[in-house]
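Notes to accompany the following structure.
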Amino acid sequence: IPVRSEEGRKIRKAFIADKGMTLLSADYSQIELRLLAHTAEIDALKDAFHEGLDIHAITAAQVFGVPIEGMDPMVRRNAKAINFGIIYGISAFGLARQLGISNSEAAQYIDAYFERYPGIRAYMDRTKEEARTHGYVMTPFGRKCHVKGINEKNPNLRNMAERAAINAPIQGGAADIIKRAMLRMPEALVTANLNARMLLQVHDELIFEVPDTEMEKTIEVVKKSMESAAILDVPLVVDTGIGANWDEAH
């Protein structure tokens with residue numbers, strides 16, 4: 001079910017809560033960036049998450065050397081693109097196309113990012129070597145993610161496998177965390193004498209159908225269960241939204 005298009009949002013309005021019920025959306029906030037900070041041991045990012053700061057503004061300040069106060073929104077947008085792009089092994093070409101800048105400027109942005117956060121480059125190199133040696137990488141919770149093509153002679157196939165290896169512990173770790181939360185959720189709701197039903201998992205989000213009279217307590221229990229599903233070097237944070245239909249819950 002699409003979400004980013006106007007048509008997609010209209011489709012989501014067709015999913016409605018039963019009478020006397022409301023839909024609750026509970027979504028992990030920036031979980032992959034949090035896992036990157038944890039896995040790559042980036043102190044500046046870990047500190048920012050602990051202090052509840054704007055992580056993209058912090059990155060912009062660190063990489064571009066500009067003060068956070070009065071920051072140009074475009075500078076923050078550039079840092080946001082790099083933060084999320086790094087997780088997926090974005091190239092200078094890919095970043096340039098996304099931001100509408102030259103390849104050389106994008107390459108400078110990426111170089112500055114790695115210079116400011118050398119631990120991320122070290123993590124990438126370490127993870128690629130692990131994949132080449134074993135044929136798999138592991139999530140922070142010990143799950144093996146096999147990486148096909150990591151030793152391919154074809155550079156395009158090999159580069160694709162390397163990007164997958166870098167991303168797997170982070171994206172796979174996020175998948176592990178939400179599954180841990182889902183396993184604990186039914187007991188947590190029963191223990192709290194709540195009648196909410198867990199309906200759906202979409203990426204980093206859980207959807208519940210909740211009796212109107214129990215919403216406040218359910219949000220409290222859901223947030224607690226999800227935020228305690230794993231212990232990382234950074235806090236897990238869950239954002240919630242409610243609505244009569246799936247679109248309104250966002």
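We number each residue from 1, following the sequence as shown.
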What about I55 and V237, same hydrophobic cluster or not, with Ile/Leu/Val/Met/Phe/Trp/Tyr joined at side-chain heavy-atom distances under 4.5 Å? no
I'd like to know whether CG of N193 has more than 12 heavy-atom contacts from other residues, nucleotides or ligands below 6.0 angstrom. no
Are K46 and D43 ion-paired here, with the side-chain N under 4.0 Å from a carboxylate O? yes
According to a 4.5 Å side-chain heavy-atom criterion applied to Ile, Leu, Val, Met, Phe, Trp and Tyr, with indirect links allowed, do V137 and M160 form part of one hydrophobic cluster? no
If I take atom CG from residue L95 and atom CD1 from residue I90, how far apart are they, to the nearest 0.5 angstrom? 5.0 Å
Do M124 and I86 come within less than 4.5 Å of each other through their side chains, counting heavy atoms only? yes
Is R126 atom CZ crowded by more than 12 heavy atoms from other residues, nucleotides or ligands, each under 6.0 Å away? yes
Over 12 non-hydrogen atoms of neighbours within 6.0 angstrom of CZ in F141: yes
Pair E214 + K217: basic N to acidic O under 4.0 Å: no
Rounded at 0.5 Å granularity, tell me how far NZ in K80 sits from NE2 in H56. 5.0 Å
Heavy-atom side-chain contact between P235 and H50 under 4.5 Å: yes
Same cluster (ILVMFWY, side-chain, under 4.5 Å), M198 and I177: yes
Neighbour count above 12 (heavy atom, 6.0 Å) for E105 CD: yes
Are there more than 12 heavy atoms of other residues, nucleotides or ligands under 6.0 Å from atom CD of E41? no
Any side-chain heavy atom of R34 within less than 4.5 Å of one from S29? yes
Are any non-hydrogen side-chain atoms of L99 and Y109 less than 4.5 angstrom apart? yes
Assess whether a salt bridge exists between D54 and R76, defined as any Lys/Arg side-chain N lying under 4.0 Å from an Asp/Glu carboxylate O. yes
For residues 153-201, which residue pairs qualify under ring-ring contact (aromatic ring centres under 6.0 Å, His included), counting only residues two or more places apart or in two chains? none
Inspect the contact between R12 and E248 and indicate whether a charged nitrogen and a carboxylate oxygen are less than 4.0 angstrom apart. no
Can you list every ring-ring contact (aromatic ring centres under 6.0 Å, His included) pair that touches residues 181-229, not counting sequence neighbours? none
Determine whether the aromatic ring centres of Y123 and H38 lie less than 6.0 Å apart. no
Distance, nearest 0.5 Å, that separates CD1 of I42 from OG1 of T59: 10.5 Å
Heavy-atom count check: over 12 atoms from other residues, nucleotides or ligands less than 6.0 Å from E51 CD? yes
What's the spacing between N83 CG and L45 CG if we round to 0.5 Å? 6.5 Å
T39 side, atom OG1; E32 side, atom CD - distance, nearest 0.5 Å: 11.0 Å
Please lay out, stage by stage, how E129 and T133 fare under the test side-chain hydrogen bond (donor to acceptor under 3.5 Å, both in side chains). CA-CA 6 Å; E129 185 56 38; T133 301; 3.3 Å; yes
Measuring from Q98:CD to F93:CZ, what's the distance to the nearest 0.5 Å? 12.0 Å
How is the hydrophobic cluster of I16 composed, in terms of its other members, when Ile, Leu, Val, Met, Phe, Trp and Tyr link through side-chain heavy atoms under 4.5 Å apart, directly or indirectly? none
Cluster check I31, L200: I/L/V/M/F/W/Y, side chain < 4.5 angstrom: no
Please work out which of the three classes, parallel, tilted or perpendicular, describes the rings of Y113 and Y117, given edges at 30° and 60°. perpendicular
Do you reckon I242 sits in the same ILVMFWY cluster as L23, going by side-chain contacts under 4.5 Å, direct or chained? no
